[in-house]
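Below is one structure, written out as structure tokens; comments come after it.
Here is the naming used below: chain letters follow the sequence lines, and residue numbers restart at 1 for every chain. Hydrogens, waters and symmetry mates play no part in the numbers below; they use all other heavy atoms, side chains included.
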2 protein chains.
Amino acid sequence: MLLYQVIRNHIQSLVAEGRLQAGSKLSSERALQEQFNSTRITVREALARLESEGVIFSQKRRGWFVTPDKLKWHPARKVNFNALAQKQGFVPSTEVIEIQSPSNTHQVSHDYFDSKPVYKLTRARYLDGRGILIEEIYCLADRFEGLEQQPLNGSITQVMEHSYQVNVSHEKCEISVTVLPDRAAELLEKNSGAPCLKVQRARYDEHQALVDYNIEFWLHDAIEMIIEGK
Amino acid sequence: MLLYQVIRNHIQSLVAEGRLQAGSKLSSERALQEQFNSTRITVREALARLESEGVIFSQKRRGWFVTPDKLKWHPARKVNFNALAQKQGFVPSTEVIEIQSPSNTHQVSHDYFDSKPVYKLTRARYLDGRGILIEEIYCLADRFEGLEQQPLNGSITQVMEHSYQVNVSHEKCEISVTVLPDRAAELLEKNSGAPCLKVQRARYDEHQALVDYNIEFWLHDAIEMIIEGK
DNA sequence: CAGTGGTCTAGACCACGAT
DNA sequence: TCGTGGTCTAGACCACTGG
């Protein structure tokens with residue numbers, strides 16, 4: 001058996017047997033290196049595999065930790081992130097990174113909003129203090145005038161319903177696997193190049209008019225999407 | 001700028017400018033090492049990042065290649081894989097790996113089919129000769145008696161409709177990012193530990209009875225899922 | 001300030017692919 | 001058989017975290 005597989009299996013079984021709890025810190029790379037009479041390159045190979053599998057994760061220069069359970073996410077349902085996360089036993093929080101004044105210079109504005117001015121809202125979401133999602137939300141400036149004065153750390157869908165009488169009736173969703181853009185990696189304190197699930201959603205009202213366009217970058221090990229179709 | 005980022009950017013721009021066509025082979029790792037006065041470790045760091053991004057891919061010991069376009073896949077629609085792939089300019093093919101005689105010893109049989117005997121069909125699917133998907137299909141043995149005599153390299157949905165008068169009316173789909181199981185990696189000639197998109201689908205007929213249960217492992221750089229909801 | 005992870009050097013051996 | 005990628009050794013320096 002390959003050495004890095006031995007190290008991998010060892011850590012994996014520690015986690016499986018519960019001897020390493022979710023969120024707890026692993027031994028340092030150099031300690032593992034000594035424990036297995038190996039080198040850091042090989043140890044890091046094992047750690048990288050475990051990270052791909054979603055068993056462990058790293059935060060920049062802080063160390064390696066056991067990955068908590070994944071959030072089960074229903075993108076098509078208009079469920080509140082906070083409520084859903086709480087129901088699954090997490091402590092959720094949301095941080096508004098920035099809201100950009102109406103502008104028509106975004107690519108998204110050109111592609112989806114007929115080059116009209118749009119708001120761009122950037123948020124980060126956390127579970128138990130761990131950053132797991134960066135999202136960008138674009139919506140028409142004149143339809144959602146004064147959006148920057150609304151509470152933006154909760155459900156945008158609810159704000160649209162209650163303050164603007166706009167209802168989302170259906171959506172089109174594109175899902176792919178890629179890496180975090182550098183800016184998102186920074187915000188989530190991940191190394192550049194961390195894999196992620198990218199979800200792009202165009203949401204429409206009952207008149208087939210585009211309500212908003214969202215780009216979400218989820219840590220690949222933090223989410224399981226559930227979709228009920230047809 | 002970090003050295004591996006320099007190498008990464010160099011290859012990325014070669015691809016972006018079209019000087020490296022989709023499917024074509026990159027220089028060998030040792031050639032790149034010399035070109036950048038570096039070491040193979042660093043070169044491989046750059047290649048690994050590009051692979052995560054979906055720009056290049058490797059096949060076991062064969063080398064590194066430029067990733068072709070992604071297949072746009074609509075899991076909820078009853079579209080034929082072959083037809084969809086052809087419409088997007090690919091040459092698709094399907095290989096039956098094995099069909100297991102009815103058995104009630106699978107975990108899936110226990111969890112989803114009330115421990116009744118099920119068929120297990122394993123298939124691989126290819127685009128332009130590149131293996132991109134391993135899928136396992138489970139269905140009730142007594143409902144699909146003689147399934148092993150049906151043509152199994154096309155659409156299973158169509159076989160179910162035409163030969164068994166069973167129609168899929170809705171489905172529940174779970175999507176997550178993980179790594180290929182070793183068996184799947186072998187079949188697709190990928191290194192163990194290659195990232196993938198795992199799609200589990202339970203499909204039901206109009207009487208809410210489970211028709212089949214599928215587990216699909218897609219190469220992470222080969223698919224973009226498109227879902228229209230609500 | 002000590003220890004950690006992130007990056008990098010300069011080699012090596014082996015199994016497998018292409019030829 | 002030769003070159004390739006896959007694995008591995010034995011170090012090094014730096015930036016940053018945490019005490």
Q.
Taking B:Glu51 first and then B:Lys190, would you say they form a salt bridge - that is, a charged N and a carboxylate O separated by under 4.0 Å?
A. yes

Separation between CD1 (A:Ile227) and CD1 (B:Ile227), nearest 0.5 Å, reads 3.0 Å

Exercise for the section: Answer yes if the ring centres of B:Phe36 and B:His10 are under 6.0 angstrom apart, and no otherwise. Expected result: yes

Scoring nucleotides 4-10 of chain C by protein non-hydrogen atoms under 4.0 Å (B base, S sugar-phosphate only, - none) yields BBBBBBB

The residue among A:Glu45, A:Gln33, A:Glu29 that forms side chain to side chain donor-acceptor pair (under 3.5 Å) with A:Arg40 is A:Glu29

Separation of C:dG3 atom C1' from A:Leu32 atom CG, nearest Å, is 15 Å

When rounded to whole Å, the CZ to C1' distance for the pair B:Phe65 and D:dT4 reads 11 Å

Residues 79-105 of chain B vs salt bridge (Lys or Arg N to Asp or Glu O under 4.0 Å), sequence neighbours excluded, gives none

